[in-house]
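All ligand and atom numbering here is 1-based and tracks the order in the structure.
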Amino acid sequence: MTTKILMVCLGNICRSPTAEAALRHAAAEAGVDVEVDSAGTAAYHVGEPADPRMVDAASGVGMALTSVARQVADADFADFDLIVAMDRSNLEELRRRAPDEAALAKLRLLRDFTDEPGTDVPDPYYGGPEGFAEVVRIVRDGARGILASLPAGSR
Ligand code: 4NP
């Protein structure tokens with residue numbers, strides 16, 4: 001069975017597009033059946049491709065970022081099996097928007113799948129190149145953790 005996973009950040013141009021690509025790559029490598037998408041809680045960058053600084057950092061590890069930014073939609077809470085927030089502020093916003101208990105139960109923080117649970121994927125937008133490299137490192141780690149958490153039937 002295909003597991004549908006949505007990666008969520010604020011703008012959907014830096015962290016969540018990278019997390020989307022990292023999970024897709026890791027799943028393909030491991031032969032795990034997932035469908036991955038990403039979205040932002042805010043609408044500032046809707047329709048835009050990933051930030052060129054993020055594209056550069058991701059290409060350094062062979063990941064192409066192909067997403068076009070969109071905002072989280074009400075239908076996402078039903079359509080996806082797992083909704084993964086990049087930071088605690090994104091998670092709070094998703095909790096606020098979740099229509100019911102079933103939707104709330106689908107929400108997670110990316111770093112809860114790493115050895116630093118409860119912490120954020122830091123927003124790289126206003127910082128230097130090291131921040132973008134750090135995002136790549138963290139979301140690849142998180143992608144491995146997410147795959148390992150899936151039920152054996154999907155692996
Ligand atoms: P993202 O990064 O949430 O990882 O896509 C950001 C993108 C844009 C803004 C902030 C963070 N912004 O303020 O426009």
Using ring pair (Phe, Tyr, Trp, His ring centres under 6.0 Å) as the criterion, list what pairs up with H45, not counting sequence neighbours. Y125

Would you give the length of the straight line joining atom CZ of F132 to atom CZ of R137, rounded to the nearest 0.5 angstrom? 16.0 Å

So, taking the atom named CG in D76 and the one named CD in Q71, what distance separates them when rounded to the nearest 0.5 Å? 10.0 Å

Listed by chain and number, what are the side chain to side chain contact (heavy atoms under 4.5 Å, CB included) partners of D79, not counting sequence neighbours? K4, A75

Residues in side chain to side chain contact (heavy atoms under 4.5 Å, CB included) contact with D112, at least two apart in sequence or another chain: L109, P117

Search all heavy atoms of D33 against all heavy atoms of M1 and return the closest pair with its distance. OD2-C, 3.6 Å

Tell me, which residues have any heavy atom less than 4.0 Å from some atom of ligand 1? C9, L10, G11, N12, I13, C14, R15, Y44, H45, D123, Y125, Y126

